[in-house]
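Order of the sequence lines sets the chain letters (A, B, ...), proteins ahead of strands, with each chain counted from 1.
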Amino acid sequence: VISSTAMLNSHCRDGDSKRAKEIFDAMEVRNLVSWNSLLSAFAHRDRELWSVKSLFDQMPERDSLSWNLMLGALSRHGDLNELKHLYCSRQEDDAVASTIMFFAYAQTGHIIEALEIFSGLREINVISFNAMLGAYAQNYYLEECKYLFDSFEKHDIVSWTSLLTAYAQSGHFDQSKSIFVSMPEWNMFSYSLMIKVLAQNRKLEEARNLFDQSLEKSIVLWNALISAHCQNGQILLARKLFDSMPERDLISWNAILAGLSQTSNPQHAFDLFHEMIFTETPDETSFANILAACGSVTTARSFFHSMLSDFNIESTKIHFSAMINVLCQARYFSHARELMETM
RNA sequence: CUGCGAUUAUAAUUCCCC
């Protein structure tokens with residue numbers, strides 16, 4: 001049972017909830033952990049919410065992990081009301097459940113409610129603490145974020161990164177830098193974020209130096225450095241980095257695509273896009289970037305339609321506004337209006 | 001009797017928000 005469950009989990013990590021289900025179905029003996037593992041696979045992947053719920057309802061028994069997985073799925077789907085309902089109906093004093101709940105509140109801007117739950121925790125653990133830092137950060141409560149940070153000594157690297165994020169996204173360059181310097185250790189989270197911060201403040205040289213001094217040049221750092229160059233108008237250097245990096249992921253492609261989209265010659269972006277679809281499956285961002293490159297109505301339309309017909313991606317308001325932009329630039333005002341009506 | 005042992009909540013790089 002244990003080894004099958006472990007195997008099930010390794011497939012879950014690959015994002016293969018179908019395969020996980022097959023393994024689960026083939027198991028002759030299952031225990032609560034096997035059920036939880038499958039629920040975890042369902043809850044973390046793009047399964048419809050109803051299928052997660054139905055699995056949850058089917059379970060012969062449930063422990064707090066099962067409940068928390070269900071809460072997490074509701075949170076991920078943005079179903080705050082049902083989450084609230086399920087959370088309140090439980091009446092268990094569970095730090096994980098509380099953290100899911102208050103973080104979901106914070107993500108929807110309900111910082112008071114979030115703080116209320118956080119303050120009610122029996123004792124503070126570092127994950128809940130970090131989640132509250134993130135809650136403040138997301139809602140731009142800088143003072144509170146810093147105050148909370150200082151009030152608890154058991155910081156870990158996540159706490160530091162959350163604090164850095166809070167200052168970085170509020171545009172406090174000097175303080176971001178001093179937080180970065182104060183951090184006890186650096187990892188790819190902090191490095192990539194700091195590279196971005198430097199790039200946003202026109203310190204491309206410093207960004208490069210930081211990249212050079214990092215010990216593990218993960219793909220994330222390469223991506224950050226490519227974007228840094230694009231943002232500072234160094235598209236040729238960005239392209240060189242892109243071509244020379246050891247491996248590329250979807251974000252690498254999207255990053256260089258974003259850079260090429262802002263140049264005067266959209267053909268480079270189109271060429272890259274067609275090159276990319278040999279190895280990658282483009283996502284919403286890829287299409288947002290390629291649509292931003294389009295000046296011609298015909299080209300824009302062909303990408304816009306290909307998005308759904310070839311890649312099964314629903315267009316969002318980013319894509320609509322890019323399309324409308326192209327149509328308006330070409331003075332196709334009535335077409336733009338028609339498109340808006342179909343949104 | 002004790003310890004260990006598979007499953008749950010928090011941070012980053014591309015688009016959007018700012």
Side-chain angles (χ1 to χ4, degrees), chain A residues 1-10 12-13 20 31-41 43-44 63-73 75-76 94-104 106-107 125-135 137-140 155-166 168-171 186-197 199 211 218-228 230-231 248-259 261 282-292 316-319 321-322:
Chain A
V1 182
I2 294 183
S3 64
S4 314
T5 305
M7 202 159 105
L8 200 145
N9 287 319
S10 82
C12 299
R13 267 187 286 277
N31 61 14
L32 182 54
V33 179
S34 332
W35 278 96
N36 281 341
S37 300
L38 186 64
L39 185 62
S40 172
H44 285 108
D63 63 1
S64 59
L65 263 73
S66 331
W67 282 91
N68 294 338
L69 280 162
M70 192 61 233
L71 293 174
S75 167
R76 241 166 266 121
D94 184 303
V96 175
S98 297
T99 306
I100 295 171
M101 188 66 238
F102 85 67
F103 199 68
Q107 282 177 316
N125 67 81
V126 72
I127 297 187
S128 304
F129 169 78
N130 290 339
M132 195 63 221
L133 289 177
Q138 282 175 5
N139 291 279
Y140 295 91
H155 310 135
D156 64 8
I157 180 81
V158 176
S159 327
W160 279 100
T161 314
S162 300
L163 187 69
L164 178 56
T165 303
Q169 74 177 7
S170 298
W186 297 305
N187 61 14
M188 68 173 174
F189 287 75
S190 45
Y191 272 126
S192 58
L193 179 53
M194 198 60 214
I195 287 174
K196 177 182 171 170
V197 169
F211 176 84
S218 72
I219 193 162
V220 173
L221 292 198
W222 282 94
N223 294 344
L225 192 63
I226 288 170
S227 286
C230 292
Q231 263 177 50
R248 286 161 279 277
D249 64 9
L250 182 57
I251 293 187
S252 325
W253 285 93
N254 287 346
I256 192 73
L257 196 58
S261 297
D283 67 356
E284 281 179 14
T285 301
S286 321
F287 277 99
N289 292 346
I290 199 68
L291 284 171
T316 68
K317 76 174 185 212
I318 304 172
H319 309 105
S321 66

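- Regarding A:L32, its CG atom lies at a distance of 13 Å from the P atom of B:rU7, rounded to whole Å.
- Taking atom P on both B:rU13 and B:rC17, the two are 16 Å apart, rounded to the nearest angstrom.
- Heavy atoms of A:H44 sit under 4.0 angstrom from primed sugar atoms or phosphate atoms, though from no base atom.
- With hydrogens and angles disregarded, a donor-acceptor distance shorter than 3.5 Å links the side chain of A:N139 to the backbone of A:A106.
- Put simply, the side chain of A:L69 reaches to within 4.5 Å of the side chain of A:H44, judged on heavy atoms.
- Under the side chain to side chain donor-acceptor pair (under 3.5 Å) test applied with A:N254, the options A:D283, A:T285, A:N289 reduce to a single match, A:D283.
- The CG-P distance, from A:N68 to B:rA9, rounds to 9 Å in whole Å.
- Counting heavy atoms from C-beta on, the side chains of A:S192 and A:N223 never come closer than 4.5 Å.
- Nucleotides B:rU10 and B:rA6 have their C1' atoms positioned 23 Å apart, rounded to a whole Å.
- Side-chain contact between A:I318 and A:E284 is absent, with no heavy-atom pair separated by less than 4.5 Å.
- In this structure, A:S190 contributes its side chain and A:W186 its backbone to no donor-acceptor pair below 3.5 Å.
- With a cut-off of 3.5 Å on both pairing distances, the Watson-Crick and G-U wobble pairs of RNA chain B never assemble into a stem of 3 or more.
- The structure places CE of A:M132 at 12.0 Å from OG of A:S162, a figure rounded to the nearest 0.5 Å.
- Heavy atoms of A:S218 sit nowhere under 4.0 angstrom from any nucleic acid atom.
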Protein heavy-atom contacts under 4.0 Å, written 5' to 3' over nucleotides 11-18 of chain B as B (base), S (sugar-phosphate only) or - (none), form the string BBBBBS-B
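- The aromatic rings of A:W222 and A:F211 stand perpendicular to each other, their planes meeting at an angle above 60°, with 30° marking the opposite boundary.
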